[in-house]
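Down below is the structure, laid out as C-alpha cells.
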Amino acid sequence: MTGHASIGTATTGSATCAPARPRALLLGLLAALAAALGLAAQPAYAATWSSSDQWATWSNGGYTLYNDIWGSGAGPQTIWANSSSNWGVWANHPNTGGVKSYPNATKYVGRTLSSLASVKSSFNVTVPSSGAYETAYDIWDSGNANEIMLWMNRTGAVGPLGTSQGSVTVGGHTWTVYKGSNGANAVFSFVRTSNTSSGTVDILAVLNWIRTTKGWFGNVTLGNVQFGYEITSSSGGLNFTINSFSVSAS
C-alpha cells in the first residue's frame with residue numbers, strides 16, 4: 001500500500017527478504033482486531049458519485065440527492081449514486097433514540113394542487129432486516145407549513161408523530177393516518193398497514209384527500225417530493241439501496 005512501510009526486514013545488498021507468512025499473519029491479526037473494535041472501514045462503492053459529507057448534495061436528471069445527516073449522536077454515513085433513480089447509503093448510526101439522518105432524492109413540483117392532473121411515484125428498494133428506520137416519502141408544500149409523510153415500510157423502534165386518525169385506503173394503499181405538529185409545521189403521516197419494498201403511489205390522491213375530505217389544508221402549492229430512508233439506528237453498518245425511483249407530475 002502506497003505510503004506505508006512494509007513489515008519485515010531485508011539485508012542491504014542482498015536479495016534475501018524475510019518470509020511473507022509472518023507479515024500476512026500479522027496483517028490478518030490486525031484486521032481482525034480492528035473489526036472486533038468496530039474500526040473496520042466502510043465498504044467502497046463503484047459509483048458515479050459518492051460522499052461522506054454531512055450535507056453532501058448531487059443533482060441529476062431533475063432530482064437532487066441529499067446525504068442529510070441532521071440528528072444528534074449520528075455516526076458515519078456514505079451516500080453513493082449512479083443516477084437519481086439508482087443510489088443508496090451505507091450508515092453506521094448507534095443504537096440510540098432519535099432520527100439521525102434522512103438521505104433522500106428530491107424533486108420540486110411548484111404547482112397548486114388544483115392545477116395538477118396527476119402526481120405519481122414508483123419505487124423499488126432493498127433494505128436491511130435489522131436496525132431502526134423507515135422508508136418514506138417526505139412531501140412539503142412550497143412554504144414548508146405542511147409536511148406529509150408516506151411510510152412504505154418500517155423496521156425497529158420507530159413511530160410517527162401525532163395521534164391516530166384512523167385508517168383510509170387512498171393513493172393505491174391502505175394506511176393508518178396520524179396528525180400532529182413538530183412545533184414548526186403540521187405533520188400528516190400515512191403509515192402503510194403492511195410493509196412493501198416496491199410499488200406505485202398516487203400522491204395527488206393522498207394530498208386531495210387531506211385537502212377536500214379532511215380540510216386540513218387548502219389549495220397549497222406542492223413543493224418538494226422527497227423519498228429516502230429516515231434512519232434512527234444502523235449499528236455496525238447497514239446498506240440501504242434505491243433500485244429504482246421516479247416522480248411524475250402533470
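No side-chain heavy atom of Ile231 sits less than 4.5 Å from a side-chain heavy atom of Leu238. The shortest distance between side-chain heavy atoms of Tyr133 and Thr155 falls below 4.5 Å. Counting heavy atoms from C-beta outward, Ser167 and Thr176 have side chains that approach closer than 4.5 Å. Taking the side chain as every heavy atom from C-beta outward, Ser121 and Tyr137 approach each other to under 4.5 Å. No side-chain heavy atom of Ile210 sits less than 4.5 Å from a side-chain heavy atom of Asn146. With a 4.5 Å cut-off on side-chain heavy atoms, Asp138 and Glu230 do not count as touching. Contact check for Phe190 versus Val168: side-chain heavy atoms found under the 4.5 Å cut-off. Residues Val109 and Val225 are in side-chain contact: their nearest non-hydrogen atoms beyond the backbone lie under 4.5 Å apart.
Here the closest heavy-atom approach between residue Ala105 and residue Ser84 is recorded as CB-O, 4.3 Å. Closest approach of Leu204 and Ser118 over heavy atoms only: CD2-N, 3.7 Å. Shown here for Val127 and Ser197, the closest heavy-atom pair between the two residues is CG2-OG, 4.4 Å. Across Ala157 and Ala132, no two heavy atoms sit closer than the pair N-CB, 4.0 Å. Listed here is the closest heavy atom pair of Thr200 and Ser122: OG1-OG, 2.8 Å. For the pair Ser234 and Ala91, the tightest heavy-atom approach, listed with the atom from each and the gap, is OG-O, 2.9 Å.
To the nearest 0.5 angstrom, Ile69 atom CD1 is 8.5 Å from Asp53 atom CG. Here the straight-line distance linking atom CG of Asp141 with atom CG of Leu207 works out to 10.0 Å at 0.5 Å rounding. Taken to the nearest 0.5 Å, the CD atom of Glu134 stands 15.0 Å off from the CZ atom of Arg192. Remark: Trp80 CH2 to Thr48 OG1 distance equals 9.5 Å, nearest 0.5 Å. For the atom pair OG of Ser52 and CH2 of Trp90, the computed distance is 8.0 Å after rounding to the nearest 0.5 Å. Separation of atoms OG (Ser198) and CE (Met152) is listed at 9.0 Å; rounding is to 0.5 Å.
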key: Stepwise side chain to side chain contact (heavy atoms under 4.5 Å, CB included) test for Asn224 and Thr106   = CA-CA 6 Å; Asn224 287 320; Thr106 297; 3.4 Å; yes

ask   = Taking it one step at a time, do Asn182 and Glu147 satisfy side chain to side chain contact (heavy atoms under 4.5 Å, CB included)?
value = CA-CA 10 Å; Asn182 61 17; Glu147 178 181 10; 3.8 Å; yes

ask   = Do Ile242 and Val125 pass the side chain to side chain contact (heavy atoms under 4.5 Å, CB included) test, and can you show the C-alpha distance, the side-chain angles, and the key distance before you say yes or no?
value = CA-CA 5 Å; Ile242 304 286; Val125 301; 3.6 Å; yes

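Under the ring-ring contact (aromatic ring centres under 6.0 Å, His included) criterion, Trp70 pairs with no residue, sequence neighbours left out. Ser83 meets the side-chain contact (heavy atoms from CB on, under 4.5 Å) test with Asn60, Ser85, Asn86; sequence neighbours excluded. With sequence neighbours excluded, the residues forming a ring-ring contact (aromatic ring centres under 6.0 Å, His included) with Phe123 are Phe227, listed by chain and number. Taking the ring-ring contact (aromatic ring centres under 6.0 Å, His included) definition, one finds that Tyr63 meets it with Phe245, sequence neighbours left out. With sequence neighbours excluded, the residues forming a ring-ring contact (aromatic ring centres under 6.0 Å, His included) with Trp49 are Trp58, listed by chain and number.
In terms of modelled atom types and a separation under 3.5 Å, the side chain of Lys100 and the main chain of His93 share no donor-acceptor contact. Counting only distance, with no hydrogens or angles, the side chain of Thr57 and the backbone of Tyr66 share no donor-acceptor pair below 3.5 Å. Judged by distance alone, with hydrogens and angles left aside, the side-chain atoms of Asn153 form a donor-acceptor pair with the main-chain N or O of Thr196 at under 3.5 Å. Side-chain atoms of Asn104 do not come within 3.5 Å of backbone N or O of Gln226 as any donor-acceptor pair. With hydrogens and angles ignored, the 3.5 Å screen pairs no side-chain donor or acceptor of Asn67 with any backbone N or O of Trp55. Lys179 places no side-chain N or O within donor-acceptor distance of the main-chain N or O of Phe188, the cut-off being under 3.5 Å. Put simply, the side chain of Asn239 never gets that close to the backbone of Pro128: no donor and acceptor are under 3.5 Å apart.
The distance between the ring centers of Tyr178 and Trp151 does not fall below 6.0 angstrom.
Under the 4.5 Å side-chain heavy-atom criterion for Ile, Leu, Val, Met, Phe, Trp and Tyr, Val191 and Val170 are members of distinct hydrophobic clusters. Linking Ile, Leu, Val, Met, Phe, Trp and Tyr residues whenever their side-chain heavy atoms come within less than 4.5 Å leaves Val187 and Val99 in two separate clusters. No path of Ile, Leu, Val, Met, Phe, Trp and Tyr side chains, each step under 4.5 Å between heavy atoms, connects Val201 with Met149, placing them in separate hydrophobic clusters. Criterion: ILVMFWY side-chain heavy atoms under 4.5 Å apart, direct or through other members. Under it, Val158 and Tyr229 are not part of a common hydrophobic cluster. Connection of Tyr108 to Trp87 is not established within any shared hydrophobic cluster, with ILVMFWY side chains joined at heavy-atom distances below 4.5 Å, either directly or through further cluster members.
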Compile the donor-acceptor pairs under 3.5 Å between side chains in residues 211-218 and protein atoms, sequence neighbours left out, one pair per line.
residue: Arg211; atom: NE; partner: Asn208; partner atom: OD1; Å: 3.4
residue: Arg211; atom: NH2; partner: Asn208; partner atom: OD1; Å: 3.4
residue: Thr212; atom: OG1; partner: Asn208; partner atom: O; Å: 2.6

